[in-house]
2 protein chains.
Amino acid sequence: MKGYTHRENEREPTTSLPLWEALVTDAVGDVIEFWGFKRNHGRVWALLYVRGEPMTARQIREGLDLSKGAVSMINRDLEHWAIVERVRIPQQSAWHYVAEVAFMKMITRVLKQREGKLISRVATDLKDARKLAEEADEPDDEVLERIERMQRLAGLMQQAVDIFTKTSRLDVSDTRDLL
Amino acid sequence: MKGYTHRENEREPTTSLPLWEALVTDAVGDVIEFWGFKRNHGRVWALLYVRGEPMTARQIREGLDLSKGAVSMINRDLEHWAIVERVRIPQQSAWHYVAEVAFMKMITRVLKQREGKLISRVATDLKDARKLAEEADEPDDEVLERIERMQRLAGLMQQAVDIFTKTSRLDVSDTRDLL
DNA sequence: CATGGTGTTCAAAAGGGCTTGAACTTTTTT
DNA sequence: AAAAAAGTTCAAGCCCTTTTGAACACCATG
C-alpha cells in the first residue's frame, strides 16, 4: 500500500520458484512430514517430479532456498531410498537429479522397516517385564494378564501396519500408469 | 560402596517403580511416540493400566519422575481423549486416575482427525497449484498431468489411512475381551 | 474463613532434531 | 597437474517442541 509501483528491491532473488511450484512442493513436504520423514525430503522430490527434467543441486538449492550441505544430504537420502536418481547430462559438468516415481513404495518400505525394529524391541521388553513380574515376591495374576494383553496389542499393531502397507501398495499399483 | 549401610539420604527416593513396570511403561511410551504422540502420554496410560487401580497425580509423578505440571497437562490430554478417567475415592481428598481400555480406538481416532486436516489442506493447495499452472503463460500439459497424479496420490493416501484405521479397529474389537 | 493439600497455568529452560556454512575431498576442465 | 567447480562432512547454531517449577487458583476440612 505504500510505494510498490516498480519493483526495484535488490535482495531476495533467491526463492525463484513460481507460486504454483511452491504450493506443490510444500504440499508434498507436509505429506511426507506426516509420515515421519523430513519435510525437505518431500520438497526436493516434489520439485524434481513436477519439473520432470533433471536438475542440478544448485537449481534445487536456489529453488527451495536450502543450503549446499542440506541439498547434498537430502539427495543422498533420496538416492539411498531409490526415489531419486543421479544422472549425467552430456555437455554439463555437474550431476543432475531426477525423480523416480516409486513414491508410495518407498514410504511403505521405510515405514515398515522402522516399525519392524520398534515392534521387536517392544516385544522383547514386554516379554522381559512379564518374566520379571512372574518372578516377583507376590505375582499378581491380573497384572500378568494385563501385560499379556499389551503383548497381544503390540502384535495387532504390527499386523495393522502390515495390512496398511500392503493395501497402499496395491492401491498404487492399481494405478501404476498414474505415478 | 562407600557407606550405604543405613539409608538416610534425603534426596532421590523418586524413581520408585519396579523394573518390570518401567519396562512396560517405556515400551508403551515408545509405541505411542511412533504414532506421533508424546512418549509420556503413553507412559502414564501404561502405568495406570498395568497397575489396574486408581492412582493419584502424586503417585504418577513419583513413579515416572515427572514434574507436577507435566502430570497435570498429560492427564488433561488423556482425559480429553477419553482413555483416562478421573475418579473420586471415598475417604481420599485427591483425585485418582484410572485407565480406560479403548487404546487403539483413541489412537485411530486422533490419527484420522489429524490426517483429515492435512489431506484437505493438501488437496486445496494442489488444486490451487493446478489452476495457477493452467493460467500460466505457457501451460505445459505434462506438468498439469503430473500435478493431477499427485492429487490422485493424495486421495490414495487418505484411502490407505481409512482402511488402516478401520482394520485396526476391527482387529481390536475381535479381541474385545482382550483390551 | 484460614489452613493445608491438590490442581492448573505459563513463562522460562531444557532438550532434540534439522540446517547451516566453512573446511575439506573429489571430480572435471584446461 | 594446477585450477576451478562440484560435492561431502560435521561441529555449531538455530528453531521448535516439551518440560519444568514457581505462582496462582481451587477446593475440602477444621
Side-chain angles (χ1 to χ4, degrees), chain A residues 12 14-15 25-26 28-30 32-45 47-48 54-81 84-98 110 114 118, chain B residues 11-12 14-15 25-26 29-30 32-45 47-48 54-81 84-98 110 114 118:
Chain A
E12 297 290 349
T14 39
T15 312
T25 52
D26 284 354
V28 174
D30 289 350
I32 203 82
E33 192 173 31
F34 176 83
W35 291 102
F37 299 83
K38 282 191 264 188
R39 189 180 154 74
N40 283 333
H41 284 143
R43 296 213 304 145
V44 170
W45 179 85
L47 178 58
L48 292 172
M55 294 178 72
T56 64
R58 166 185 286 275
Q59 287 175 304
I60 295 170
R61 178 159 67 78
E62 289 173 351
L64 299 177
D65 197 21
L66 298 170
S67 70
K68 208 179 166 200
V71 171
S72 172
M73 285 187 295
I74 288 165
N75 280 348
R76 174 156 51 68
D77 292 343
L78 296 179
E79 241 182 307
H80 182 245
W81 290 329
V84 154
E85 197 186 358
R86 181 185 299 227
V87 298
R88 183 65 82 186
I89 300 287
Q91 247 50 18
Q92 315 263 331
S93 67
W95 284 103
H96 286 58
Y97 301 86
V98 283
V110 177
R114 277 208 304 243
L118 173 76
Chain B
R11 72 245 172 280
E12 294 293 347
T14 41
T15 311
T25 52
D26 285 353
D30 289 349
I32 203 80
E33 192 173 33
F34 176 83
W35 293 102
F37 299 83
K38 283 192 269 187
R39 189 180 153 74
N40 282 332
H41 283 143
R43 296 214 304 146
V44 170
W45 178 85
L47 178 58
L48 291 172
M55 293 178 72
T56 64
R58 165 185 288 276
Q59 288 175 303
I60 295 170
R61 178 160 65 78
E62 290 174 348
L64 299 177
D65 197 21
L66 299 170
S67 71
K68 211 179 165 200
V71 172
S72 174
M73 287 186 295
I74 288 166
N75 279 347
R76 172 157 50 70
D77 292 342
L78 296 178
E79 244 180 307
H80 182 245
W81 291 330
V84 154
E85 197 185 357
R86 182 186 296 228
V87 298
R88 186 61 87 183
I89 300 287
Q91 248 50 21
Q92 316 263 331
S93 65
W95 285 104
H96 285 59
Y97 302 86
V98 283
V110 177
R114 277 207 304 241
L118 172 76

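Bear in mind the structure is a predicted one, so any value in this text is a computation, not a measurement. Convention: sequence-line order gives letters A, B, ...; per-chain numbering from 1.
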Report task. Looking only at non-hydrogen atoms, find the nearest pair between A:Thr56 and A:Ala94 and report the distance. Result -> CG2-CB, 4.4 Å

**Report entry** Nearest heavy-atom neighbours spanning A:Gln92 and A:His96
**Finding:** CB-CE1, 3.7 Å

Report summary line: Span of DNA chain D engaged by chain B, first through last nucleotide within the 4.0 Å heavy-atom cut-off, is D:dT18 to D:dA28

Report task. Rounding to 10 degrees, work out the angle separating the end axes of the helix from C:dC1-D:dG30 to C:dT30-D:dA1 (five pairs an end). Result -> 10°

Requested in this report: Sugar-phosphate atoms are those with a prime plus P, OP1 and OP2; base atoms are the rest. Using that split, label each nucleotide of nucleotides 7-28 of chain C B, S or - for protein heavy atoms under 4.0 Å, 5' to 3'.
Outcome: BBBB-------SSBB------S

**Report entry** A:Arg114: salt bridge (Lys or Arg N to Asp or Glu O under 4.0 Å) partners, not counting sequence neighbours
**Finding:** none

Query raised in the report: What residues form a ring-ring contact (aromatic ring centres under 6.0 Å, His included) with B:Phe37, not counting sequence neighbours?
Result: B:Trp81

Report summary line: The salt bridge (Lys or Arg N to Asp or Glu O under 4.0 Å) partners of B:Arg58 (sequence neighbours excluded) come to B:Glu62

Report summary line: For B:Arg86, the side-chain hydrogen bond (donor to acceptor under 3.5 Å, both in side chains) test, sequence neighbours excluded, returns B:Glu79

Query - Contacts of B:Glu33 that satisfy salt bridge (Lys or Arg N to Asp or Glu O under 4.0 Å) - sequence neighbours left out - result: none

Query raised in the report: For B:Trp35, what residues pass the ring-ring contact (aromatic ring centres under 6.0 Å, His included) criterion, not counting sequence neighbours?
Result: B:Phe164

Query raised in the report: Which residues satisfy the salt bridge (Lys or Arg N to Asp or Glu O under 4.0 Å) test with B:Arg39, sequence neighbours excluded?
Result: B:Asp26, B:Asp30

Report task. Name all residues meeting the side-chain contact (heavy atoms from CB on, under 4.5 Å) criterion together with A:Asn75; count only those two or more places apart in sequence or in a different chain, and write none if there are none. Result -> A:Val44, A:Ile60, A:Val71, A:Leu78, A:Tyr97

